[in-house]
Q: 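Below is the structure I would like to discuss, written out as C-alpha cells.
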Amino acid sequence: MLDKKYNFLEKEKKWQDYWQEKQIFKFDKNSKKPVYAIDTPPPTVNGKIHMGHLSSYMHIETMARHHRMKGENVFFPLGFDDNGLPTERYVEKKYNKRAFELDREKFTDMCLETTKELEKEFHALYKSAGFSCDLDNNYSSISKRSQAISQKSFIELYKKGLIYHQEAPALWCTECRTAVAQSELENQDIASTFNYIKFFIEGTNEYVTVATTRPEMLPACDCVFINPKDEKNLYLLGKKLVVPYFNFTVPVLTDELVDLEKGSGVVMCCTFGDTVDKEWQRKHNLEIKEAFNNAGRMTKLAGEFEGMKIKDARLAIIEKLKENDLLIKQEELTHAVSTHERCGTPIEIVVKKQWFIDVLSHKQELYDAGMKLNWHPETMRARYLNWVENLQWNWCISRQRYYGVPFPVWYCKHCGKVHVADESELPVNPLSKLPTVKCECGECDWEPEHDVMDTWATSSLTPQISTDLITGKGLDDTMIPMSLRPNAHDNIRVWDFYTIVKSLYHFGKLPWTDLMISGYVTSADGSKLSKKSGNNKNAPQDIIAQYSADVTRYWANNLSLGKDTCFSLESFDAGKKLANKIWNASKFVLSFLYDYTPRQIDLLPMDKWILEKYKKVFKSFAKNLDRYDICLGLGEAEKFFWDFCDDYIELVKRRLYNPDVYGEKECESAKYACYYTLLGILKMFAPFMPHITEEIYQDYYAEKENQVSIHVSGYLNLGEAKDENFVKAGDEVMQIVSGIRQFKSENKISLKTFIKDLKVSSKYKDFIKLCEVDIKAVGSINNLEVEDGDFKLEFGEIIPDAE
RNA sequence: GGGAGUUUAGCUCAGUUGGCUAGAGCAUCUGCCUUACAAGCAGAGGGUCAUAGGUUCGAGUCCUAUAACUCCCACCA
C-alpha cells in the first residue's frame, strides 16, 4: 500500500541506494541489445555545479533512461575533467598562491587533492539528482590511463604530420603566463584612448599623424604602412620616419590591408599589437621585437619603462609624449578586446616555440563533418559551421603550465631534434625519465619538454577514454561513433569541435551520430550563471532538497533545448503538482487492484477507449523523445495523464467502487483498463520522475510484472491504435460529461446534485447508448435519452439536494 | 561587418511535416469539502500570434522587408 503522503526526501534516497545496490544502470558488455552510448560531459573540476549544468545533465538523464526503457544497452559513463588550466586557476585562487611561486610537484599535489574533494561533492550531487550514470565506468582526465591515451594521440598525430612544433606567433595570456587557443578567447568591451601621435620624417620638421591605441608598443615598431592607393600619402614612400620619443627610424611600406578611412591612413606596425601586425610580420618578413616579456612586463627595448606592466607603460608613455609635444590629440573609445576567458586579461601575441595541431588546412573536412552530424536543435549546426569558417589559428596545444598531461617529448641538446616516447612506455613524464637511446646526431643528451598539454587535447578524446573502460583497447574506434554528445552551446566551438578534429584525424570517422545542445540557465536579471561569478544563489543541492530530484528534473525537461531561460522557482510548482497528482491517482487506482490479476476479457467501450488513446499517445511520445523533442514528449504524457485522472477515472470510479450495483464484469473491465493505463503512464513518466514512479511501481507492479525496477522494465507497447472512429466516439462521451459539468457550474450547483433528464443529440448515438451507465453515474443524471443528430445537450429539471 | 536566436494571454512559456474554435502553468473571477487528491475538482474571462507585405483553398507555422531584444564570430592601427 502506498503511504498517504509521498515523502520524497526519504524515498528518493531509498531508490538511489537500491539502484546502486542492484546495479540497475550497469552497462552489459555481453548483451546483444543495441548500444546507446553517451559521451557524458566530464565537468571541469573548478568550482561548484550550478542549475545550468544540472539542467543539462537532466536532459542527458532523460535520454539515457528513455533508451533504457526502449530496451537498449545504455552506456552512460561518468567522467571528470580535472586537469589543466581551469583547475590550476581554481587552486591558485583557493590557496591565494601562484603556481610559478611553488614547487611544481607540490602544486600538482594541491591540484590533485582539491579535485578529489570537489569530485566527492559532484558525486553526491549526481546521486541526489538520481543520475543513472554507470558508477563503475568512470574516468578522470588526469588519470594514468587518460594520460596514456592522450599521449598516444599526440604521438600518432605527430607521426602523421598533423602536429608540429614551431616558433610562431601564438595567443598569450600574461596573467596565466601561457599560450592559449583561439577557442579560449572572450570579447570584452574595454575603455581606451585613441592617440594621435607625431612621426617626424627623418631630417625634416614635417611629421605624419599616426593613430594608435597601444603607444606602449612604440619600442617594438617595425615600420609604418600606407595603402598603395592612398595618393595623399604616397610621397612618404622611400622616406624614413622617426618613432616618437624612442628616436629610432622605421621605413614606410605599403599594404592593401590599410584602411583609408581609419585614423590618418598611416598605421604603425609593431610585433605584435594585434592580429594584423602578425599578418604583416609574416608577409613582409619584419623583424620580431619584443616590447614586453611573458609576464606582461616591459623589456629592455622599452628603455626607461623597463619592468612596467603593459597598462602602466601605456599611460607613462602617453605622459611623455604629451610632455614632448608629440601627442596631437586623444579620443576616448570603447572597443572589443580579446581577453582570456579564465582571467579576463587582454590577450597578447607572443612568439615562442609551441606545439600546434593543424586545423586550418582541414577546414573543409571539418565543415563537412558538421554537415553530417545530427544537431538537436538543428539550428546549432550553424554555430559550428560558423566557427569552422572563421578559424584563424591552428590549435595551439602547449601550455607553459604545470598541472596537465605532459608531452611525451624530449629534445636533443645538440641538434635540437625531437624524440617522442615509445608507445609501450606511456604514460610518461619526460621530466622524470630521460631517453637512453642516442640521437641520430650520435649524442645522448636530452632536454625534456617542460610544457603540458592543453586540457582540451585530452578531453577531446572522451569518446576514446570512456569506451576504453569497456573495450580496454585505449585509443580505439570499436565503439565509435557513439550515439550522443550532449553539452551546452558554449562548448560547440571547443569540446565538440576538438573532439571532431581528433576523431577525424585518428579514424576518419565522426565521433558520434547526434549532438544534443542545451541552453543556458540565466539568473533572473538575464546574466549567465557561471562557476566563476557569484550569482549562484540557488544551489542545486538546496533546490533538490527543497523540491525533490523528480520535480527538479521535471523543471529541467520543460526547458527547450538550446534556448536560454531565466531561472525561476515559479516553474517548479507545476512539477510539484504533477508529482502530487501521480501519487494520489496511483494510490486511488491501485487500491482497487491489489487483489486483481489482469486477464483478457471483453471490455466496455470507455475502457477500450482509454487504452486506444494510450496507444496513440505512447506512439507519439516515443517518437518525440527519439527526436530529442523532450518537452513535447513530456507534455504529451502529462496531458494524457491529466485527462486520465479527470475524465476517465471520474467516469469509471463508481463501477470500481460498487461492483454489486454496476456488475462484476463491468468492474473487472475498468480494472483491466486502469491496470494497463496507469502502468503505461508510470513508464512514460519514469525517465522524467524516476523516484516516484519507482516507488509506485515497486509497491504494486514489480511483483506482478516480475521486474527488478521500472527503469529496465521497458515501455508498455500495446500496439497500433486501430479505430479512429472509436476514439472519436469516446471523446464525444467525454464532451457530454464536460457539458454536464459546465451546466452545473453555471447553475452553481454541486456536481453530485441530480438532474432529472438529459437529452443528447449525437452522431455516435449507438456508442453513447452503450456508455449510458457511466454517463449517468458521473453526471448524476436520472434519465438519459439519446438521439441522432448534431451534438446538442438539453437539460431537464434540477433535483434539489436532500438535507 | 558576418551568422544565429527570440518576439504568442497580465507573467513564464509550449505549439512537430502549413489543417477543425491557438494551448499549459502561474495570476484573476465564479462555484463545489464529489467515498484519491482543497497542495484538490469543475467552470469563466483574458490573444489583431512584434509590424508590413507576399505565397496558399487555408499561415502562429513558409517567403520578403522592418523594428526591438539576446547570443556567437570578426573588428584592437
Side-chain angles (χ1 to χ4, degrees), chain A residues 2 4-5 182 185-187 190 192 194-195 210-214 217 224-225 257-259 262-270 273-277 280 333 335-338 346-347 377 379-387 389-392 489-490 492-493 519-520 522 526 528 558-560 562-566 568 570-592 620 623-624 627 629 631-636 638-639 642 645-646 649-650 653-654 656-658 737-738 740-753 778 780:
Chain A
L2 296 173
K4 181 145 174 56
K5 292 264 171 194
Q182 190 185 349
L185 305 189
E186 224 168 51
N187 280 332
I190 290 181
S192 179
F194 213 21
N195 305 286
V210 173
T212 177
T213 56
R214 303 204 61 182
M217 299 304 294
V224 163
F225 278 109
L257 275 182
V258 178
D259 191 336
K262 248 184 201 168
S264 57
V266 184
V267 191
M268 71 169 185
C269 172
C270 317
D274 60 40
T275 50
V276 181
D277 287 347
W280 280 335
L333 89 159
H335 61 174
V337 176
S338 285
I347 287 294
T379 53
M380 290 299 161
R381 185 194 307 277
R383 287 217 188 192
Y384 172 87
L385 299 179
N386 190 235
W387 173 252
E389 280 174 332
N390 287 307
L391 277 175
Q392 296 201 13
H489 51 55
D490 57 339
I492 293 174
R493 64 176 182 152
Y520 280 144
T522 60
K528 173 188 162 187
N558 265 302
L559 305 176
S560 288
K563 244 183 178 179
D564 296 351
T565 318
C566 285
S568 145
E570 278 167 37
S571 44
F572 281 76
D573 292 341
K576 243 162 82 178
K577 270 176 65 175
L578 177 63
N580 192 41
K581 191 78 176 175
I582 292 174
W583 187 255
N584 285 319
S586 301
K587 196 171 60 177
F588 179 68
V589 167
L590 293 182
S591 71
F592 297 103
S620 163
K623 198 171 100 190
N624 277 320
R627 293 197 299 215
D629 277 331
C631 45
L632 283 181
L634 174 56
E636 246 164 338
E638 213 180 329
K639 170 91 170 60
W642 228 271
C645 292
D646 297 341
I649 295 181
E650 287 301 323
K653 73 195 215 184
R654 279 149 201 88
L656 287 167
Y657 270 123
N658 307 305
V737 173
S738 175
I740 297 169
R741 287 170 176 166
Q742 187 176 353
F743 176 79
K744 290 188 176 178
S745 189
E746 277 165 6
N747 287 281
K748 303 193 174 180
I749 57 173
S750 165
L751 286 174
K752 66 175 184 182
T753 300
V778 70
S780 297

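Note on naming: letters A, B, ... go to the chains in the order of the sequence lines (proteins, then strands), and numbering restarts at 1 for each one. Every value quoted in this text rests on a predicted model; they were computed, and no experiment measured them.
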Q: So, is A:Lys752 near the phosphate of B:A42, with a side-chain N or O under 4.0 Å from OP1 or OP2?
A: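 For A:Lys752, the contact criterion (side-chain N or O under 4.0 Å from OP1 or OP2 of B:A42) is not met.
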Q: Atom CE of A:Met380 to atom C1' of B:C71: distance rounded to whole Å?
A: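 Atom CE in A:Met380 sits about 9 Å away from atom C1' in B:C71.
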Q: At 4.0 Å (heavy atoms only), tell me whether A:Lys581 reaches a base, stays on the sugar-phosphate, or touches nothing.
A: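 A:Lys581: base contact, heavy atoms under 4.0 Å.
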Q: Look at the rings of A:His489 and A:Tyr520 and say which category their plane angle falls in: under 30° parallel, 30 to 60° tilted, over 60° perpendicular.
A: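 Rings of A:His489 and A:Tyr520: perpendicular, over 60°.
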Q: Across the strands shown, which category fits A:Asp629 at heavy-atom distances under 4.0 angstrom: base, sugar-phosphate, nothing?
A: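 Touches nothing.
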Q: Would you measure the distance from the C1' atom in B:U8 across to the matching atom in B:C49 and give it in whole Å?
A: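 One C1' to the other, the span is 4 Å.
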Q: Would you say A:Trp642 reaches B:C41's phosphate, i.e. side-chain N/O to OP1/OP2 under 4.0 Å?
A: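 Yes, such a contact exists.
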Q: Can you check the A:Asn558 CG to B:U12 P distance for me, whole Å?
A: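 These atoms are roughly 16 Å apart.
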Q: Closer than 4.0 Å, any side-chain N/O of A:Thr565 to the OP1 or OP2 of B:U12?
A: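 No, no such contact exists.
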Q: For B:C11 versus B:U16, give the span between their P atoms, rounded off to a whole number of Å.
A: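 About 22 Å, rounded to a whole number of Å.
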Q: Hey, does A:Phe194 reach any base, or is it just sugar-phosphate, or nothing, if we go heavy atoms under 4.0 Å?
A: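 Result for A:Phe194 = sugar-phosphate.
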Q: If the C1' atom of B:U7 is compared with that of B:G60, how far apart are they to the nearest Å?
A: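 Taking atom C1' in both B:U7 and B:G60, they lie 12 Å apart.
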Q: Quick one: label A:Asn390 by what it contacts on the DNA or RNA (base, sugar-phosphate, nothing), any heavy atom closer than 4.0 Å.
A: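 Sugar-phosphate, backbone atoms only, no base.
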Q: For B:C26 versus B:U48, give the span between their P atoms, rounded off to a whole number of Å.
A: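 To the nearest whole Å, 23 Å.
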Q: Would you call A:Asp646-A:Lys581 a salt bridge at under 4.0 Å N-O?
A: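 Salt bridge flag = yes for A:Lys581 with A:Asp646.
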Q: Within the 4.0 Å heavy-atom criterion, would you say A:Ser591 contacts the bases, only the backbone, or no part of the nucleic acid?
A: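 If one applies the 4.0 Å heavy-atom cut-off, A:Ser591 turns out to touch nothing in the nucleic acid.
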Q: Examine B:C76: is either OP1 or OP2 under 4.0 Å from a nitrogen or oxygen in the side chain of A:Ser338? Give yes or no.
A: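 Looking at the OP1 and OP2 atoms of B:C76, neither is under 4.0 Å from any side-chain N or O of A:Ser338.
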Q: For the P atoms, the ones on B:C20 and on B:C62, what distance do you get once it is rounded to whole angstrom?
A: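 That atom pair is separated by 16 Å.
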Q: Could you tell me whether the side chain of A:Asn386 has a donor or acceptor atom within less than 3.5 Å of a complementary atom in the base of B:G2?
A: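 Answer yes: a donor N or O sits under 3.5 Å from an acceptor.
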